[in-house]
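Remarks on the structure that follows.
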Amino acid sequence: MTKPFQPTQTTAFYVQAVLSFAVSLASVVVALVYLPVEGWIRAFLGLGLLYVVTSTVTLCKVVRDRQELSEVSNRVDQARLDKLLAEHDPFKVDA
């Protein structure tokens, strides 16, 4: 049975992703706070930012779940094929 390649994430990549998200979110929040407009416009833009962040997290989870599901089904199919090949005897003669 062949073992599929498992990509790994380094700690540096994880830290970079978290810091990038934190810096981008903080910079937009600071920009919203200092934006020279009325409060209701600031609140509307903040609500839009919150919607974008939550929908991005949801999209990431859906993509991850779909990828994991395809990996599991591929492993099951590979295990079935390996079992069939192991049980198959090419020299067996039906009497």
Side-chain angles (χ1 to χ4, degrees):
M1 186 162 138
T2 60
K3 184 176 180 181
F5 174 72
Q6 288 290 90
T8 58
Q9 293 180 355
T10 62
T11 305
F13 178 74
Y14 181 75
V15 169
Q16 178 188 1
V18 169
L19 286 177
S20 174
F21 178 75
V23 167
S24 66
L25 185 62
S27 64
V28 172
V29 168
V30 168
L32 281 175
V33 169
Y34 290 108
L35 191 64
V37 293
E38 295 179 26
W40 71 271
I41 297 174
R42 197 175 290 131
F44 179 76
L45 293 174
L47 189 61
L49 173 66
L50 184 63
Y51 181 64
V52 167
V53 169
T54 56
S55 62
T56 302
V57 169
T58 303
L59 177 65
C60 290
K61 289 176 62 106
V62 167
V63 169
R64 182 200 61 199
D65 291 346
R66 181 171 286 190
Q67 180 183 5
E68 286 178 353
L69 182 64
S70 69
E71 288 178 5
V72 168
S73 63
N74 286 343
R75 279 191 255 152
V76 169
D77 291 342
Q78 184 65 39
R80 286 181 184 156
L81 179 63
D82 288 345
K83 181 181 176 189
L84 284 173
L85 290 174
E87 293 173 351
H88 177 68
D89 184 7
F91 300 110
K92 181 180 177 183
V93 178
D94 293 330

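Atom set for the values below is all heavy atoms of this structure, side chains included, hydrogens, waters and symmetry mates excluded.
Under the 4.5 Å side-chain contact rule for hydrophobic residues, Phe21 and Val29 share a cluster. Residues Val28 and Leu35 share a single hydrophobic cluster, defined by chaining ILVMFWY side chains whose heavy atoms lie under 4.5 Å apart.
Proximity of Ile41 to Phe44: side-chain heavy atoms (C-beta onward) are nowhere separated by under 4.5 Å. Side-chain contact check for Leu49 versus Leu25: some heavy-atom pair is nearer than 4.5 Å.
Nearest heavy atoms, Thr56 versus Val52: OG1-O, 2.7 Å.
Checked options Thr10, Thr11, Val15; the residue passing with Phe13 is Thr10 (criterion: side-chain contact (heavy atoms from CB on, under 4.5 Å)).
In this structure, Arg64 places its CZ atom where more than 12 heavy-atom neighbours from other residues, nucleotides or ligands lie under 6.0 Å away.
Between the side chain of Ser20 and the backbone N or O of Gln16, no donor-acceptor pair lies under 3.5 Å.
Interatomic distance, Glu68 CD to Lys61 NZ, rounded to the nearest 0.5 Å: 10.0 Å. With values rounded to the nearest 0.5 angstrom, Leu47 atom CG is found 13.0 Å from Trp40 atom CH2.
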